[in-house]
Visitor: 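Quick one: this structure, given as structure tokens, is what I'll be asking you about.
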Protein chains: 2
Amino acid sequence: MPSRRADPVTVEVVELIGDVVARYHMEYEEAAARHQLTGAQAKVLNLLSLEPLPMRRIAQKLRCEPSNVTGIIDRLETRGLVERRPDPADRRVKLAAPTEEGVETAERLRESLDFAREPLAGLSEEERTSLRDLLRRMLA
Amino acid sequence: MPSRRADPVTVEVVELIGDVVARYHMEYEEAAARHQLTGAQAKVLNLLSLEPLPMRRIAQKLRCEPSNVTGIIDRLETRGLVERRPDPADRRVKLAAPTEEGVETAERLRESLDFAREPLAGLSEEERTSLRDLLRRMLA
DNA sequence: TATTGTTATACTCTATAACTATA
DNA sequence: TATAGTTATAGAGTATAACAATA
């Protein structure tokens, strides 16, 4: 991986990606805060709204230690947005699942995450498609 | 701002951007950790390597409260990477500036931040240019 | 023995409010 | 009086290590 000098276009693309990342984060945190949630809590609630998960799996998704998940779920549980259920198949496991209110909150949260939907509206169908293809190849 | 239904391409672009953000963050934190720095410390050190800044300005750049900057600079100063200098023009102001070792660390840090440089290498010059133009318009 | 989740502990980042030294 | 930086305090996220219950 020799650190060859990057050409000017590449340098600018890297900077632009930095801008996108900064903006994405800012908007994500703001959207979460509108629902009195931290970024991490919003992320977990969103995960659980797709399907209930064992504590261990949440930690893997978040790429953090399982001990941290205990606290995040504790706080969501106190808020009445999530509950811990036993796993019939393995009594060691606790499944975190959103309550009805949790599901609704996750839904409203998703709706307020307008990032890249509004700005993308300025691009034509064809341009959005080529942006999609370029991002796909970048992440491949 | 009516929440009209987004088309499939837009939805996928939003997801891809989420992936880019996640990957960017992971790589940034890892690069910082390789130098025994947190993400916030690396960000500040990088800022200061461009030019010394008053504490207040650092807080503005980080979009956080000035009181937080005190701690971050404290820790960088303890490590010998940054120093506080008086501002001749205003005795209330303290300028945070990188030490020689701080400048070197910032440089090595920048080199190890390969994100989007390596993956971008798989795109042609023309493709990188169109990616740049699309990102520019998205952020405009 | 190994695994799941928790607790205990410590560190960093964060915001708020009160303080100091300048301006 | 207003501003720059700090301190004090509290909450949240993070990692590490040790623990109880279950497999």
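Proteins get letters first, then strands, A, B, ... in listed order; numbering begins at 1 in each. Here the structure is a predicted model, which is why all the values come from computation and not from measurement.
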Visitor: Expressed in angstrom and rounded to an integer, what is the separation of A/Met55 atom CE from D/dA20 atom P?
Guide: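 It is 19 Å, rounded to the nearest whole Å.
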Visitor: Using modelled atom types and a 3.5 Å cut-off, is there a donor and acceptor pairing between side-chain atoms of A/Glu77 and backbone atoms of A/Arg84?
Guide: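 Yes.
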Visitor: For the pair made of OH in A/Tyr28 and C1' in D/dG13, what is the distance, rounded to whole Å?
Guide: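 A/Tyr28 atom OH is separated from D/dG13 atom C1' by 15 Å.
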Visitor: Check this for me, if you would: do B/Glu101 and B/Arg79 make a salt bridge, where the nitrogen-to-carboxylate-oxygen distance has to be below 4.0 angstrom?
Guide: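 So B/Glu101 does not pair with B/Arg79 through a salt bridge.
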Visitor: If I take atom CZ from residue B/Arg57 and atom CD from residue B/Glu51, how far apart are they, to the nearest 0.5 angstrom?
Guide: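 Output value for this atom pair is 7.5 Å.
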Visitor: If you pin B/Thr70 and A/Arg75 to their nearest nucleotides in DNA chain D, which one's is more 5'?
Guide: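 This one resolves to B/Thr70.
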Visitor: Using a cut-off of less than 4.0 Å, is there contact between a side-chain N or O of B/Lys94 and OP1 or OP2 of D/dT6?
Guide: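 Checking D/dT6 against B/Lys94, a side-chain N or O does come within under 4.0 Å of OP1 or OP2.
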Visitor: In chain order, what residues pass the side-chain hydrogen bond (donor to acceptor under 3.5 Å, both in side chains) check against A/Glu12, with sequence neighbours excluded?
Guide: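 Listed in chain order: B/Arg136.
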Visitor: Nearest whole angstrom, please: distance from the P of C/dC11 to the CG of B/Leu37.
Guide: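 That distance rounds to 18 Å.
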Visitor: Between B/Arg84 and A/Leu62, who's closer to the 5' end of DNA chain D by nearest nucleotide?
Guide: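 On the 5' side of the pair lies B/Arg84.
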Visitor: Indicate yes or no: does A/Arg128 engage B/Asp7 in a salt bridge with an N to O separation below 4.0 Å.
Guide: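 Salt bridge: yes.
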Visitor: For a quick check, with a 4.0 angstrom heavy-atom cut-off, what is the B/S/- contact string for nucleotides 15-23 of chain C, read 5' to 3'?
Guide: BBB----BS
Visitor: Less than 4.0 Å between a side-chain N and a carboxylate O, is that true for A/Glu104 and A/Arg108?
Guide: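 Not counted as a salt bridge, because no side-chain N and carboxylate O are separated by less than 4.0 Å.
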Visitor: Please report the distance, rounded to the nearest Å, between CD in B/Glu29 and C1' in C/dT12.
Guide: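 Taking CD of B/Glu29 and C1' of C/dT12, I get 11 Å after rounding.
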Visitor: Rounding to a whole Å, what distance do you find between B/Ile58:CD1 and C/dC13:C1'?
Guide: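 Nearest whole value for this atom pair: 15 Å.
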Visitor: Can you tell me if the side-chain N/O atoms of B/Thr38 get under 4.0 Å from OP1 or OP2 in C/dC13?
Guide: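 B/Thr38 to C/dC13 OP1/OP2: side-chain N or O found under 4.0 Å.
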Visitor: Taking A/Glu29 for its side chain and A/Met26 for its backbone only, find out whether a donor-acceptor pair lies under 3.5 Å.
Guide: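 Side chain of A/Glu29 to backbone of A/Met26, a donor-acceptor pair under 3.5 Å: no, none is there.
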Visitor: How many whole angstroms separate atom CD1 of A/Ile73 from atom P of D/dA12?
Guide: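 Those two atoms, CD1 and P, are 14 Å apart.
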Visitor: C/dG5, C/dT12, D/dG13: which one has an atom nearest the side-chain heavy atoms of B/Gln41?
Guide: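 Nearest to the side chain of B/Gln41 among the choices is C/dT12.
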Visitor: How long is the line joining CZ of B/Arg56 and C1' of D/dT3, in whole Å?
Guide: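 Atom-to-atom, B/Arg56 to D/dT3, this comes out as 7 Å.
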Visitor: Expressed as a whole number of angstroms, how long is the span from A/Gln60:CD to C/dT4:C1'?
Guide: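 Between C1' of C/dT4 and CD of A/Gln60: 12 Å.
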